[in-house]
Amino acid sequence: MAGEVEMAARPSRYAWLVLGLLCFVYVLNFLDRQLLSILAKPIQDELHITDGQLGRLGGLYFALFYCILGVPVAWLADRGNRVRVLTIACALWSAATIACGVSVNYGQLAAARMSVGIGEAGGVPPSYSVISDYFPPHRRGLALGLFNLGPPLGQALGVAFGAKIAAAYDWRLAFILLGAAGLIAAAAVWAFVREPKRGATDLPRQVVQDGEVPTFGSTLKLFSTRPTLTLVSLAAGATQFVTYATLGFTTLFLMREKGMTLDQIAIWYALVLAIGVSAGIYLSARLIDRHAAAQPEIYGTMPGYALLLAVPFFVGFVWAPNWPLAMACLIGPTFLNYFYLTPAVALVQNAVAPRQRTLAGAVLLLIMNLIGLGLGPTWLGAASDWFKASNPGHSLQLAFYTLVPFYFIAIALHFALARALKRERILNPTE
């Protein structure tokens with residue numbers, strides 16, 4: 001037992017190496033996912049697709065496969081080799097990204113985007129589980145927070161390199177090059193990441209016996225019957241409704257209604273994403289590790305207050321009459337909107353047994369991504385098409401304003417989560 005406690009006390013250097021490689025794969029995962037929104041303007045110009053069609057490509061069509069297939073993939077990973085599942089998934093979504101680059105019409109692009117969703121379904125849940133078995137509970141918030149830097153880094157690199165490549169050459173080349181990089185990353189995971197023992201960094205009393213294999217039904221029941229898990233999923237989903245809708249159309253909005261060029265976006269928008277989102281995720285992770293043991297309600301209060309502070313900055317971004325002012329205002333929500341992610345993931349990973357972590361992570365992603373990723377961009381694209389009849393020059397601006405009520409829904413759900421955690425006090429991440 002002393003050996004296990006010592007192992008749980010200090011992550012090894014190899015654990016940090018694994019974390020770095022998995023984070024790099026996550027960067028590519030999110031980069032490939034967001035490339036469509038980054039290159040929306042040249043894609044629209046060539047393929048002649050509407051905002052509503054674009055919203056469904058980046059939202060509903062992608063999310064249906066990404067979310068639903070995440071559950072059986074997680075079930076498989078909880079019973080088999082998680083590293084192998086991640087490797088195959090990375091290779092699949094990277095090949096599908098290349099297919100996006102060679103699509104010649106809307107139907108082909110939609111099929112390729114669905115295939116990206118199929119592959120990416122096997123990316124995040126196995127990674128959450130592997131990281132949780134390399135890092136003990138008291139360092140898990142930081143480790144998952146660093147892993148969750150994948151989305152902002154992927155967004156920023158996608159904007160920087162995707163926009164630059166598209167401006168200098170062609171939008172298709174961006175998809176092809178980034179897909180090829182993903183195939184190389186899949187080979188690196190296969191070669192260098194070892195499958196860890198389940199529960200390796202947990203104390204003996206936290207580890208489920210081998211015979212106790214959770215099912216999807218029992219995990220889903222856990223989420224539906226435990227108020228904190230229900231609320232954290234819905235709160236994260238409501239937040240992602242705003243964040244994914246914003247991500248899906250910000251580049252198009254800045255180019256169409258604020259007058260930015262692809263070269264300007266590749267510099268300024270990339271910097272805002274890289275610094276703002278990364279800082280928000282990192283700071284929230286450190287605060288969780290420092291305060292959640294004594295104040296478990298911080299899992300809800302911290303993102304709730306952050307989102308409340310973000311609202312006036314978001315309204316300023318949408319209203320701004322020029323792109324420099326819009327970019328200055330965008331720093332606020334870019335930083336504050338992401339205080340929810342690491343608390344949500346850490347809460348769920350700490351709330352369930354080691355053998356259930358991949359499946360629990362998949363259920364969390366299923367709920368919050370069906371709401372956020374599936375409906376957010378779809379809503380915003382449809383709203384823009386609706387406003388276009390009466391306000392063709394500012395349809396996206398009006399559509400962005402419709403996201404403000406969803407901010408307040410997310411805020412209310414996070415404060416409800418905080419109250420539930422304060423009552424139950426079911427988690428202590430330092431255990």
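All of these numbers come straight from a predicted model, not from anything done at the bench. Below, all heavy atoms of this structure are taken into account, side chains as well, without hydrogens, waters or symmetry copies.
Using bins of under 30°, 30° to 60° and over 60° for the plane-to-plane angle, the ring pair Tyr340/Tyr338 lands in the tilted bin. Ring geometry, Trp171 versus Phe175: the interplanar angle exceeds 60°, so the pair is classed perpendicular (tilted spans 30 to 60°).
Across Cys100 and Ala112, no two heavy atoms sit closer than the pair SG-CB, 3.6 Å. Closest heavy-atom contact between Gly52 and Asp385: N-OD2, 2.9 Å. Across every non-hydrogen atom of Ser233 and Leu364, the tightest pair is OG-CD1, 3.8 Å. Closest approach of Ile98 to Gly179, counting heavy atoms only: CG1-CA, 3.7 Å. Contact between Leu330 and Thr334 at its shortest, heavy atoms only, is O-OG1, 2.6 Å. Scanning all heavy atoms of the two residues, the minimum distance from Met368 to Gln240 falls at O-OE1, 3.2 Å.
With sequence neighbours excluded, the residues satisfying ring-ring contact (aromatic ring centres under 6.0 Å, His included) with Tyr14 are Tyr134. Under the rule for a side chain to side chain contact (heavy atoms under 4.5 Å, CB included), the partners of Ser127 that lie at least two apart in sequence or sit in another chain are Leu22, Leu86, Phe147.
The backbone N or O of Ala320 lies less than 3.5 Å from a partner atom in the side chain of Lys258, making a donor-acceptor pair. With hydrogens and angles ignored, the 3.5 Å screen pairs a side-chain donor or acceptor of Arg82 with a backbone N or O of Pro196. For Lys388 (side chain) and Leu396 (main-chain N/O), no donor-acceptor pair under 3.5 Å exists by modelled atom type. A donor-acceptor contact shorter than 3.5 Å is absent between the side chain of Arg419 and the backbone of Glu297.
Phe339 has its side chain out of reach of Thr239: every pair of non-hydrogen atoms, C-beta onward, lies at least 4.5 Å apart. Contact of the Phe314 side chain with the Thr246 side chain is registered, since non-hydrogen atoms from C-beta on lie closer than 4.5 Å. Annotation: side chain of Tyr244 is not in contact with side chain of Leu375 (no heavy-atom distance under 4.5 Å). Between Leu421 and Leu347 there is a side-chain heavy-atom pair separated by less than 4.5 Å.
Applying the side-chain hydrogen bond (donor to acceptor under 3.5 Å, both in side chains) test between Ser384 and each of Thr402, Asp51, Asn391 identifies Asp51 as the sole match. For the side-chain contact (heavy atoms from CB on, under 4.5 Å) with Pro343, the lone residue among Thr301, Leu417, Ile288, Ile298 that qualifies is Ile288.
In this structure, Phe135 has its ring center closer than 6.0 angstrom to the ring center of Trp16. Between Phe317 and Phe253, a ring centre-to-centre spacing shorter than 6.0 Å is recorded.
Listed by first and then second residue, the side-chain hydrogen bond (donor to acceptor under 3.5 Å, both in side chains) pairs that reach into residues 53-62 are Arg56-Tyr61, sequence neighbours excluded.
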